[in-house]
Amino acid sequence: RLKYEVEYGMRRGTTDNSYLVTVGAMGRGDEWGKDEGERGVAALEKQTPLTALTHIILTHLDAKAIPSLELLLQRRLAAGAGAAGSSPLQVVLSNPALRLLQTTVVVSRLLTLALLFAVQVILTPTPRWPDLLVVHDPLNRVLFSSKLFSAHAAPPAGDALDEGGWEAYGDDWRFYFECMLAPSARQVRHAASEQLPVSELLPMHGPVVSSALTQLLVEYRRWVDEQLAAAATACASVFYASAYGNTAALAQAISRGITKGGVAVNTLNLELCTLDEVAEATRTSQGFVLGSPTLGGHMPTQVSVAMGTILREPNAKAMPCGVFGSFGWSGEAVDEMEGRLRDAGFGFAFDAIRVKFKPTAKDLLMCEESGRALAQSIKKKLKSRETNVAASGPQLAMGRVVGSLSVLTAKDEDATSAMLASWVSQASFDPPGLTVAVKKDRAIEKLLIVGGKFAISMVAEGRDKKVMKALTRPFGPGEDRLADLETEPSPTLGAPVLKEANSILECSVVSRMEAGDHYIVYASVLEGKVLDENVPTAVHHRKVGNHY
């Protein structure tokens, strides 16, 4: 596991795609990675002479890819200098990318590209990627969609298309959208609403979208609409600056937690946005989070100035908020932000998050839980203004559906989580399998991806009150949910299980499906053991079916 950022949480690998367009043909390559300049240039030379390369189109420029790009540009210039009649190389990119890239090659205007290739370049900047653009080729009916319609999933070697369609990659497209694009729903809607004739989508990451094209376009519009509808009810802003990408990874995890909590999120990079944008985001939000690295013992100027803008907003003090940051040796920036906000009378939805160097799985899980805590604070304030509505007939009837009481636990490296579960049911005889319903905003949901492992402790009758008391109280982000219960590692997985359980099961997630505000997780049972055959399992009774 090389990357801990939330976007890679499905653990399906990824690709960094580049596309070679020639007259009458197009190929895809993912060998030109961020650290593989020599390999990438060699792979390109196998496809076409460098002197035939006339244009490079950068739909997004990652700073880590600049050395590889510079190597390609140098090789192309050297090849062109010794070739008679070689056309000058032109690079097409947006102004933010141009400021990032320092080179002597000829940089064409977007108009030049449109005239030469009869393609349409559409600027689609987002707060995270201000240089983003997509390219539409109407003749071949393809859209080079850059980050849009991407997925962190590596197709089998030799395959470029989405073989298996929605069933194979639907969860990956949804997960990438939730992690990377949900905070930019307005910008995504603008790009996705272009009425462009398209038969294939060629993204920056993951497979070329062909067989699942229609369904993915429909789902994208639905996901965007859901985010915009949520924003109309409640929205939180995440403001951050990042020196080495670590604080950005924390901001991404907090943003995902807010989204999972049912609140829209507006994520702004303070190094790129204006103070007017900060003020507007604060005015239209019901909560906010501020993140900063520590540079020279202080927060960067952009963060300090943005904090002043937030403090001057008259309604900001009534909002729940939080602070976070990464640091190398000290971490004074987080203390400074927390102190200034506390002194000004702001209330915090979660404790300040301080991460030294690169975040671990445990750090990112705590960030997601913190984002969820902020969302819950926002929704609690909004709910207090609503009048109570009596439960309906179906809800009362569903309350008579009972379930066995159990504790579900999962472990991922240094991250551990647990939840009380009563919606667990056997689902298959051969192989032995079960289903469990997990609410989408649960902290443990992050650990229950396909391939994830978990344990279930069946609660014995007569021992349920202690378990329910320990697990039904509110928990702070990162708090040990099993601290009040006696546990031991499960035999195979090492996940914590209850010592007083009457039986335990160790499981592996096979598949998941959406079910309203829950996921239905189907898992195969790897191992099981009865610990007390004389005591039956406790049953959870409810009076109404609109809550646990």
Side-chain angles (χ1 to χ4, degrees), residues 9 260 361-362 365 368-369 372 401-428 432-461 463-475 477-515 517-531 537-540 542 547-548:
K260 285 175 61 177
K362 182 178 181 180
L365 180 61
E368 279 203 30
E369 292 178 9
R372 177 173 173 262
V401 177
V402 298
S404 302
L405 197 64
S406 63
V407 176
L408 191 151
T409 55
K411 187 176 185 295
D412 174 26
E413 297 185 8
D414 62 344
T416 303
S417 192
M419 77 171 198
L420 191 67
S422 59
W423 295 3
V424 179
S425 177
Q426 182 169 344
S428 59
L434 55 80
T435 59
V436 54
V438 182
K439 203 166 188 293
K440 290 180 177 179
D441 65 356
R442 289 279 193 173
I444 201 171
E445 181 273 330
K446 173 184 171 65
L447 306 180
L448 301 180
I449 59 172
V450 173
K453 307 293 192 297
F454 65 90
I456 291 182
S457 303
M458 304 307 297
V459 178
E461 192 175 82
R463 305 170 192 168
D464 51 319
K465 290 183 178 180
K466 178 181 178 182
V467 174
M468 293 190 71
K469 181 180 179 181
L471 291 175
T472 54
R473 67 178 180 85
F475 289 94
E479 188 177 352
D480 183 2
R481 285 161 165 74
L482 299 172
D484 296 332
L485 297 170
E486 289 188 77
T487 64
E488 60 186 1
S490 64
T492 304
L493 303 178
V497 293
L498 301 186
K499 287 185 177 181
E500 292 189 340
N502 65 3
S503 68
I504 59 171
L505 299 162
E506 296 181 287
C507 309
S508 177
V509 179
V510 176
S511 62
R512 302 182 0 154
M513 65 170 283
E514 282 194 79
D517 54 3
H518 283 65
Y519 287 114
I520 304 299
V521 177
Y522 170 69
S524 60
V525 178
L526 305 176
E527 297 289 345
K529 184 179 181 181
V530 176
L531 304 179
T537 301
V539 176
H540 181 47
R542 300 176 299 161
H547 58 78
Y548 297 118

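Under the side-chain contact (heavy atoms from CB on, under 4.5 Å) rule, Phe454 has a single partner from Ser508, Cys507, Ser490, which is Cys507.
Put simply, the side chain of Glu488 reaches to within 4.5 Å of the side chain of Val497, judged on heavy atoms. Between Met513 and Tyr519, every side-chain heavy-atom pair lies at or beyond the 4.5 Å cut-off. Contact check for Ile456 versus Met458: side-chain heavy atoms found under the 4.5 Å cut-off.
When all heavy atoms of Met419 and Ile444 are compared, the pair lying nearest together is SD-CG2, 3.8 Å. Summarising the geometry of Ala470 relative to Phe475, their closest heavy-atom pair is O-CZ, 3.2 Å, with the distance given to 0.1 Å. Contact between Thr416 and Lys411 at its shortest, heavy atoms only, is OG1-CG, 3.7 Å. Closest approach of Thr409 to Pro496, counting heavy atoms only: OG1-O, 2.6 Å. In this structure, Ala538 and Asp464 approach most closely via the heavy-atom pair CB-CB, 3.9 Å. The shortest non-hydrogen separation linking Ser406 to Val459 is CA-CG2, 3.9 Å.
Lys260 pairs by the salt bridge (Lys or Arg N to Asp or Glu O under 4.0 Å) definition with Glu368, Glu445, not counting sequence neighbours. Judged as a side-chain hydrogen bond (donor to acceptor under 3.5 Å, both in side chains), and not counting sequence neighbours, Glu527 has no contacts. Shown here are the side-chain contact (heavy atoms from CB on, under 4.5 Å) partners of Ala443, two or more places apart in sequence or in another chain: Glu369, Ser417, Arg481.
With values rounded to the nearest 0.5 angstrom, Leu485 atom CG is found 5.5 Å from Leu471 atom CG. Atoms CG and OG, on Leu505 and Ser524 in that order, are 11.5 Å from each other to the nearest 0.5 Å. Here the CG atom belonging to Leu448 is positioned 6.0 Å from the CG atom belonging to Leu408, to the nearest 0.5 angstrom.
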Exercise. Could you check Val509 against Ile449 for side chain to side chain contact (heavy atoms under 4.5 Å, CB included), going step by step and ending with a plain yes or no?
Key: CA-CA 7 Å; Val509 179; Ile449 59 172; over 6 Å; no
Practice problem: Verify side chain to side chain contact (heavy atoms under 4.5 Å, CB included) between Leu420 and Val467, making sure each step is shown before the conclusion. | Solution: CA-CA 8 Å; Leu420 191 67; Val467 174; 3.8 Å; yes
Quiz prompt | Leu365 vs Lys446, side chain to side chain contact (heavy atoms under 4.5 Å, CB included): CA-CA, chis, key distance, verdict | solution = CA-CA 8 Å; Leu365 180 61; Lys446 173 184 171 65; 3.8 Å; yes
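Screening residues 419-428 for side chain to side chain donor-acceptor pair (under 3.5 Å), with sequence neighbours left out, gives Ser428-Tyr522. Every pair tested for ring-ring contact (aromatic ring centres under 6.0 Å, His included) that includes a residue from residues 432-452 fails, sequence neighbours excluded, so the list is empty. Among residue pairs with one or both ends in residues 494-511, none qualify as salt bridge (Lys or Arg N to Asp or Glu O under 4.0 Å); sequence neighbours excluded.
Proximity of a side-chain donor or acceptor of Ser503 to a complementary backbone N or O of Val530 within less than 3.5 Å is not detected.
The number of heavy-atom neighbours closer than 6.0 Å to NZ of Lys362, taken from other residues, nucleotides and ligands shown, is 12 or below.
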